[in-house]
Amino acid sequence: MKTEALHAAHQTEEQPLHHQFEEVSQQNESYVVGMWVFLVTEIMFFGGMFLAYVLYRWRYPVAWYEAHTRLDVAMGTTNTVVLLTSSLTMALAVHFAQLRNRKMQLAMLGTTIALACVFLVIKAFEWSAKFHHGLVPGPGFLWDGTVPAPQAQLFYSLYFGMTGLHALHVIIGILVIGTLGLLTFLDHPLVKNDFIPTELVGLYWHFVDIVWIFLFPLFYLIPK
Amino acid sequence: MNFPLMPDQASNFARPYDALFFVLTALTILFTVLVGALVLFFAVRYRKGSRVDRSGAVESHLGLEITWTAIPLLLGLVMFWWAAKLYVETRQPPKDAMEVFVIGKQWMWHLQHSNGVRENNELHVPVGVPVRLTMISQDVIHSFFVPQFRIKQDVLPGRYTQQWFVASKPGKFNLFCAEYCGTQHSEMGGYIYAMPPQEFQKWLASGGDKKRPSQPTMADLGKALYDRLACANCHGPQDTERGPSLYGLYGAKRRMTDGTVVEADASYIRESIKNPYAKINEGYQNTMPEYRELTEEDLLNLLAHIRTLGTAKAPGPVLGNAGPAQIGGANR
Amino acid sequence: MSTAAPVLHGESPKAPPSYLQAGHSIKSWLLTGDHKRIAVLYLISVSVFFFFGSLAASMIRIELVSPRGVMLESDTYNKVFTAHGIIMIFFFLIPAIPAVLGNFLLPIMIGARDLAFPRLNLLSWYLYVAGGLCGVLAIAFGGVDTGWTFYTPYSSMYSNTNVTLTIIGAFIAGFSSIATGINFIVTVHKMRAPGMTWFRLPLMVWGSYATSLIIVLGTPVVAITLLLVVMERVFHIGVFSPELGGDPVLFQHLFWFYSHPAVYIMILPAMGVINEVITCFSRKRIFGYHFIAFSSLAIAGLGFLVWGHHMFVSSQSMYQGMVFSLLSYLVAVPSAIKVFNWTATIYKGSVRFQTPFLYVLGFMGLFVVGGLTGLFLAAMSTDVHLTDTYFVVAHFHYVMVGGTIMGFLAGLHFWWPKFFGRMYPDSWGKLSALIIFVGFNLTFLPQFVLGYLGMPRRYHYYYFAPEFQFWHIASTAGASILAVGFLIPAVYLLWSLKYGAPAGPNPWGAKGLEWTIPSPPPTTNFLETPVVREEPYSYDAEAEEREEQAKEPTRA
């Protein structure tokens, strides 16, 4: 359903027009295009580490396989399901924002945050298990496998680096979604009658989800 | 006070490099003068108030655009080709080049001849003989730069890099480190001494500057280390179930467990000693211990010894690499 | 130019106040959303950083007068050249033209009231200042000595200076740059006034647009690369350290993937400025508009494919090297196309030799030398000899100072009356341009010779080759002249703010939307949205000359 048609069907209040724009459609498109450009920069940002991963996996395939066997696939899979679900709830939040259904939108935003927190909790369990087993790169790295310790350490450097950067983006996402929720709750001018901020946050959250969709198989599902 | 304009031409590369450099300089001057003259000429001729014909000025001209796109493009491609061809030559050392090993570290150069003579921040070489440098760093990235030879190559930690040259005249030439490496980067210099071949032969045989004629060669030191570490327990003259033979290894191709075929060059041998699991020969398991405590010098010495066990071209023990370096006979 | 008494904005009850008059409190400046005010904030801050970067440069040149240095320890010298590079590249050259001239002019040139995201614009300035403060703190805590290139493993495992703090500063500044890039891209796509089609855009807009494309694609890569260096330093998460099985050359690939396109971030905006100034001062339409526009895009695209030409001696394979060398020759061609088109623009024009045009002339000469000397470095074999020597230093100063800074000064002198409603004394402007040109050449021409002779970069001492000293002394002499040349505009430009002759809306008689509004402009730029019907640069030199000469029939 086209958003403009939705508006016509349900609303009478105008979406606020910011001073630099001529009309609302120009404004909405500008924000959305801007967000997409930002997401392109995020792709390039993560891209550097993905490149390093690809290069080193190509160089040390045996080490990569063996090192990854210490990861907990069950927890990783659970996290994948959790994050995918959170993307669904986020999409629903955008949908309800477009329909100007504040109650449902807030419910969906809240659920998204809750799922994101579940993700982080599971991640915390995973990581603390790694700390316990001495799999954190650095002077305390303990490796008892058959591949050389340096190569295993390289794997875990990239593991912690990439999932860590991703987790940081999840945390930022929680803060941003939380702020959005608060502003929506307070009917703040920034979000009043304007679904675009929610849509932008939705785009960001989907990106965070997609990064995980790549991280999960690359780290947890390495074939022999 | 003198004002030098160009460095001495003291190697086989100097003249070809300089020829290329001069052509590039000529083109630079040509185009700079061309553009500069045109710009100034137009600006002055067509200055406000000048009474000249300004009619018929166009805003675009496809023919001109194509011309001034095609000409620089063509010139560029020619320069690229010439430079690339020359570069390929400089990266292909002759097989019988005299070997010198270089270890760069903060903040000095340590050089070793095959027969064991060591030098610090200095390198003596014979004129007219190809010399190949196999280099590695003990810490950060350095770069071995001899302007008068027109050679330069980064020296990396963790793997060997190589370059070669033929000194074309005797003399004393600057050696610089050309990759910033910390506090004393600018003091990590020295000299290359090119000597007539006979003089060099005498210098080398008499133990170089240290005047110790009967010091152990690199291969001797390598063999001593090889025996001390008991490498022969697993690596005998024939392949055993414990380890493949190292005889005839250097330069040979071996198949690994993942199916890839690898050439056993210096870097491969070094890696096999430090990280044996990185590449495992087909038919073997990862049972070789890691020898991570060895210094770069140790590794180079072991390499020299392994090479005496024969290369792919001449399997079986060969004396050529253990004695004084070969001199003469190279047609450069 | 009107001969009536100048109307000072804010006085007439009908005219809206200029952006400078709309609010005088600190808060109205520090919380502004007005792109013009943000441009002025940037102008002040980039000038401050340029000053500190120049101080560092002076210290370098003083030290190099003698083969054994003059007054610094090597450690300090290494920190000084690192500071010079980091400040000049990250805090001056990359932001200057986009964030000062671009911010101010882009919306006006396309007929908009502001950029697409004014608050993001303000954030970008704050990020820039925050990044700069981190850099200053790093210097205050003893500096960093890795060189602006932060090569591993020296930066990640060996240097015991403030690498992490400096990287954090550069990282934050990178986000400032990205924010500007996003803003520009969306603005150009979405905010053009009716009738302002892509091919009616001033070429400065094309230049800013191409620059912004590079910014959003390249900057994140250096951001993550530098972050990985910090992670290696602080958490021992080593992807570049050979001891951990990593590859120090991987750092170089990732670093140069951004840092090569970065040089096009620095030059494309300057080229954009040249288009505007050369047309106005030749009174002619630009020659080859489409070719210049597309060449900007070509440079942006090809610029991402040539990073390996910084690594011919780094141990990359011959074949990798050949690909990069070939592509480097290709990327030179669009710049050549621009230079020839600019030359043809002057042909049959009506040229006025005022200060902005002098800087254009300077740019043409110096950028050509800089660009052509780049070809020595794109050629693989000559690069083996010349890389990491002063030849490279000379080359990049020709393009960055002779190119970017000339472009910046041309633009600053062209649009100064628009920014502030005041004119500066043109004769002082012309004098400084001349001094800068002479000083610059004397500083950097000898460095080509030094490089060819073999003087390596980043060298504090050169006592192994004292014969280099003559050229170093010449270079330092030039630097002192150059310093004077840079100081004079600071003086007369500041002087003009209070005492300069008031400028009307269009003191140069230039075409372009920015010259149709008052100087300085009101906050919303246009009282009503313009409708564009003209092609850009609709000058007519021939007609103007005929008119002029018709007025003075007695002059022979």
Side-chain angles (χ1 to χ4, degrees), chain B residues 1-7 17 20-21 24 28 31-32 35-36 38-39 42-43 46-48 54-55 57 59-60 65 68-69 72-73 76-77 79-80 83-84 86-88 91 139-141 143 145 147 150 152-154 156-158 161 174 176 178-187 189, chain C residues 74-75 78 147 151 153-154 158 242 248 284-285 287-288 291 313-315 318 322 325-326 329 332-333 336-337 339-340 343 346-352 361 364-365 368-369 372-373 375-376 379-382 384-385 387-388 449 452-454 456 458-461 464-465 467 470 541-542 545:
Chain B
M1 177 167 291
N2 59 337
F3 33 98
L5 276 176
M6 49 178 278
Y17 271 33
L20 179 54
F21 184 83
L24 282 165
T28 302
F31 279 98
T32 305
V35 170
L38 275 175
V39 166
F42 289 159
Y46 295 104
R47 68 193 177 284
K48 175 176 177 202
R54 288 182 173 82
S55 65
E59 287 165 30
S60 65
E65 300 280 0
W68 64 46
T69 305
L73 183 59
L77 289 175
M79 301 318 300
F80 155 72
L86 195 49
Y87 183 82
V88 167
R91 286 308 188 248
D139 38 44
V140 299
I141 301 180
S143 194
F145 176 35
R150 314 288 187 278
K152 183 189 290 121
Q153 174 67 47
D154 279 5
L156 307 176
T161 54
N174 285 114
F176 294 124
E179 185 59 62
Y180 177 72
C181 53
T183 309
Q184 293 182 266
H185 167 59
S186 57
E187 300 187 85
Chain C
S74 284
D75 265 332
N78 295 339
Y151 270 23
Y154 184 73
Y158 286 85
K284 262 197 80 198
R285 312 189 94 111
F287 192 96
F291 278 87
V313 298
S314 292
S315 79
M318 278 195 308
M322 290 204 266
S325 175
L326 177 62
Y329 273 93
V333 174
I337 293 177
V339 168
F340 292 128
T343 309
I346 307 178
Y347 177 69
K348 292 198 171 168
S350 166
V351 175
R352 295 102 207 278
L361 289 178
M364 298 284 281
V368 166
V369 172
L372 289 175
T373 49
L375 297 179
F376 288 71
M380 291 163 80
S381 17
T382 38
V384 167
H385 179 61
T387 194
D388 269 309
V449 180
Y452 186 51
L453 284 172
R458 300 173 164 171
Y459 258 40
H460 183 203
Y461 299 133
F464 282 107
E467 64 270 20
F470 172 78
E542 201 198 345
E545 279 290 326

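None of the values given here were measured: they were computed from a predicted structure. Proteins come first, then strands; the chains are lettered A, B, ... in the order of their sequence lines, and each starts at number 1.
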Whatever's closer than 4.5 Å to a heavy atom in chain B on Phe464(C) counts as both
The ring pair (Phe, Tyr, Trp, His ring centres under 6.0 Å) partners of Phe340(C) (sequence neighbours excluded) come to Trp68(B)
Among Ala465(C), Ala332(C), Pro153(C), the residue with the most heavy-atom pairs under 4.5 Å to chain B is Pro153(C)
Given Tyr151(C) and Tyr180(B), is the ring pair (Phe, Tyr, Trp, His ring centres under 6.0 Å) satisfied, shown in steps?
CA-CA 9 Å; Tyr151(C) 270 23; Tyr180(B) 177 72; 9.8 Å; no
Requested in this report: Look at the side chain of Arg458(C) and the backbone N and O of Pro456(C), then say whether any donor-acceptor pair between them is shorter than 3.5 Å.
Outcome: no
If one checks every heavy atom of Arg285(C) against chain B at 4.5 Å, the contacting part turns out to be side chain
Looking only at Ala336(C), Ser381(C), Pro242(C), Ser314(C), the option with the highest number of non-hydrogen pairs under 4.5 Å against chain B is Ser381(C)
OG1 of Thr28(B) to CZ of Phe376(C), rounded to nearest 0.5 Å, is 3.5 Å
Among Gly288(C), Ser315(C), Ala379(C), the residue with the most heavy-atom pairs under 4.5 Å to chain B is Ser315(C)
When rounded to the nearest 0.5 Å, the distance separating CD of Glu467(C) from CG of Asn174(B) is 6.5 Å
Bottom line for Phe176(B): the part with an atom under 4.5 Å from chain C's heavy atoms is both
- For His460(C) and Ser186(B), test the side chains for any donor-to-acceptor distance below 3.5 angstrom and give the result as yes or no. no
- Query: Does any N or O in the side chain of Arg54(B) come within less than 3.5 Å of the main-chain N or O of Gly349(C), such that one atom is a donor and the other an acceptor?
  - Reply: yes
Does any part of the side chain of Lys348(C), heavy atoms only, come nearer than 4.5 Å to the side chain of Glu542(C), both counted from C-beta?
no
Interface check, chain B: of Val449(C), Thr387(C), Val368(C), Asn78(C), most non-hydrogen pairs under 4.5 Å belong to Asn78(C)
Checked Thr373(C), Ile346(C), Leu375(C), Val339(C) vs chain B; the most non-hydrogen pairs under 4.5 Å come from Ile346(C)
Scored by heavy-atom pairs under 4.5 Å with chain B, the best of Tyr461(C), Tyr452(C), Tyr158(C) is Tyr452(C)
Bottom line for Thr32(B): the part with an atom under 4.5 Å from chain C's heavy atoms is both
Turns out that what part of Tyr347(C) lies under 4.5 Å from chain B's heavy atoms comes down to both
Pair count under 4.5 Å, heavy atoms only, with chain C: among Arg150(B), Arg91(B), Lys152(B), highest is Lys152(B)
Value for CZ (Phe145(B)) from CD (Glu179(B)), rounded to nearest 0.5 Å, stands at 12.5 Å
Max heavy-atom pairs within cutoff under 4.5 Å with chain C, candidates Arg47(B), Met6(B), Glu65(B), His185(B), goes to Glu65(B)
From the list Phe42(B), Phe31(B), Tyr46(B), the residue making the most non-hydrogen contacts under 4.5 Å with chain C is Tyr46(B)
Compare all side-chain heavy atoms of Asp154(B) with those of Thr161(B) and state whether any distance is below 4.5 angstrom. no
Checked Gly158(B), Ala84(B), Ala57(B), Ser60(B) vs chain C; the most non-hydrogen pairs under 4.5 Å come from Ser60(B)
When the 4.5 angstrom heavy-atom criterion is applied to Val333(C) and chain B, the contacting part is side chain
If one checks every heavy atom of Tyr329(C) against chain B at 4.5 Å, the contacting part turns out to be side chain
Honestly, the part of Leu156(B) sitting under 4.5 Å from a heavy atom of chain C is side chain
Taken to the nearest 0.5 Å, the spacing of Phe21(B) CZ from Thr382(C) OG1 works out to 8.0 Å
